[in-house]
There are 2 protein chains.
Amino acid sequence: MAELSYSSVGWTAARLARHVEVALAPLDLSPAQYRMLVQIARGTDASSSLAQKLAVSAPSVTAVVDVLVQRGAVERAHSAEDRRRIALALTDDGRSLLGAAEEALRERIQAIADELADEGLVSDAIGALSLWGEALDRSRARRHGERVNTAGPPP
Amino acid sequence: MAELSYSSVGWTAARLARHVEVALAPLDLSPAQYRMLVQIARGTDASSSLAQKLAVSAPSVTAVVDVLVQRGAVERAHSAEDRRRIALALTDDGRSLLGAAEEALRERIQAIADELADEGLVSDAIGALSLWGEALDRSRARRHGERVNTAGPPP
DNA sequence: TATTGTTATACTCTATAACTATA
DNA sequence: TATAGTTATAGAGTATAACAATA
């Protein structure tokens, strides 16, 4: 007999997390590097705010960016106005690496969803990820005191 | 204006992965340790099959179990029949640690979902995780040639 | 003084390759 | 020989504490 289907929300999230690692591994990319690429691609300012957005320490940002710079995916440049700040930008290689990562993740996640019984459930599952994306955006906005685009101004 | 809402499925999954790490950190537990506890709690046989189920190498299993044993959460015992095999079991401390981990994850994930606009969407999001749990079960079953409990025998 | 980012250090997870013990 | 598990080794991510450079 197969195992009893045990599925706490935590277990499901933790399993998905491992699938992310495995999907990115062939690109020689860690989840931390992938998240960093995404944030830099979004034009995020500088190291300090990256640490906050990625929920990691400042030295972690340095370490992850170091590897990406060494690989030629990211470039550092001292800001002219405030020489303490270091602007980060993707190189062309970085952009194509990010594109490959997105595709690898999309494929793996789609393949998992495709195991569901019918196409309706598959769309439900994929659609729910957008819902989670929105929830994550709002959660981050609350933590950082930012504003969410779909919400009106606070009272 | 807030950032454009960018939400590839990969990005969403990778962000959730980081939330799992952060939720477990106060318990001094890594996602890898959590996944191992869950598998051992389910009575999984031995090291080799754990590696397959967790999609990691055999030495990784050794390393993760080492830490859990040192912490008193897991016990190793040589099998009597085949002395190469090592049976793994949770201690009482391990069980309560796992319980605390489940609760920490549940709380964090629920808090994220609660950011959604209305209760209907919140239930949708939480419900969808069960769907993903099922998809993950089926996906694993296919990879390992096992049988899924809801499916009949193959033709 | 305060802020930005890095260096120093230590620990865990990961993998591959080589090894030991058992079958 | 083959299998189960560990040891050896190396690289990456993480954190805290201490430091450098700039404001």
Side-chain angles (χ1 to χ4, degrees), chain A residues 14-15 17-37 39-40 44-71 73-88 101, chain B residues 14-15 17-37 39-40 44-71 73-88 101:
Chain A
R15 289 172 85 186
R18 179 62 186 153
H19 278 274
V20 170
E21 291 179 354
V22 170
L24 293 174
L27 302 173
D28 242 323
L29 202 66
S30 68
Q33 289 168 356
Y34 164 72
R35 289 188 292 255
M36 187 66 73
L37 287 179
Q39 283 301 341
I40 295 175
T44 298
D45 356 45
S47 208
S48 51
S49 76
L50 286 174
Q52 189 185 38
K53 291 188 176 168
L54 296 173
V56 297
S57 66
S60 282
V61 172
T62 299
V64 172
V65 169
D66 274 348
V67 175
L68 291 171
V69 166
Q70 213 165 0
R71 183 177 181 161
V74 168
E75 283 175 337
R76 283 190 175 102
H78 276 275
S79 159
E81 302 124 10
D82 183 341
R83 290 188 45 73
R84 289 173 304 179
R85 283 197 135 84
I86 303 218
L88 298 171
Chain B
R15 289 172 83 186
R18 179 61 186 154
H19 279 274
V20 170
E21 290 180 354
V22 171
L24 293 175
L27 302 173
D28 241 324
L29 202 66
S30 68
Q33 289 167 358
Y34 165 71
R35 288 188 293 255
M36 187 65 72
L37 287 180
Q39 283 301 341
I40 295 176
T44 298
D45 355 46
S47 208
S48 50
S49 76
L50 286 174
Q52 189 186 38
K53 291 187 176 170
L54 296 172
V56 297
S57 65
S60 281
V61 172
T62 299
V64 172
V65 170
D66 273 349
V67 175
L68 291 172
V69 167
Q70 212 167 1
R71 183 177 182 162
V74 168
E75 283 175 335
R76 283 189 175 104
H78 277 276
S79 159
E81 301 124 12
D82 183 341
R83 290 187 45 73
R84 290 174 304 181
R85 281 198 137 86
I86 303 219
L88 297 170

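Note: hydrogens, waters and symmetry copies are ignored here, and every other heavy atom, side chains too, is used. Each chain gets a letter, A, B and so on, in the order the sequences are listed, and its residues count up from 1.
Remark: A/Thr62 is not in phosphate contact with C/dT7, judged by side-chain N or O atoms under 4.0 Å from OP1 or OP2. OP1 and OP2 of D/dA20 both lie 4.0 Å or more from every side-chain N or O belonging to A/Arg83. At least one side-chain nitrogen or oxygen of A/Ser48 sits closer than 4.0 Å to the OP1 or OP2 atom of C/dG5. An OP1 or OP2 oxygen of C/dT14 is reached within less than 4.0 angstrom by a side-chain nitrogen or oxygen of B/Arg35. Of the side-chain N and O atoms in A/Ser30, one or more sit less than 4.0 angstrom from OP1 or OP2 of D/dG13. For the pair B/Ser60 and C/dA15, the criterion of a side-chain N or O lying under 4.0 Å from OP1 or OP2 is met. Look at B/Arg85 and you won't find any side-chain N or O under 4.0 angstrom from OP1 or OP2 of D/dT3. A sub-4.0 Å separation between OP1 or OP2 of C/dT14 and a side-chain N or O of B/Ser57 is absent. For the pair B/Gln33 and C/dC13, the criterion of a side-chain N or O lying under 4.0 Å from OP1 or OP2 is met.
Within 4.0 Å (heavy atoms only), B/Glu81 reaches sugar-phosphate atoms of the nucleic acid but no base atom. A/Val61 comes within 4.0 angstrom of nothing in the nucleic acid, heavy atoms only.
Residue-to-nucleotide proximity on DNA chain C shows that, of B/Gln70 and B/Ala55, the 5′-proximal contact is made by B/Gln70.
Out of D/dT14, D/dG5, C/dT14, the shortest distance to the side chain of B/Ile86 is found at D/dG5. Side-chain atoms of B/Arg84 lie closest to D/dA2 of the nucleotides D/dG5, D/dA2, C/dT14.
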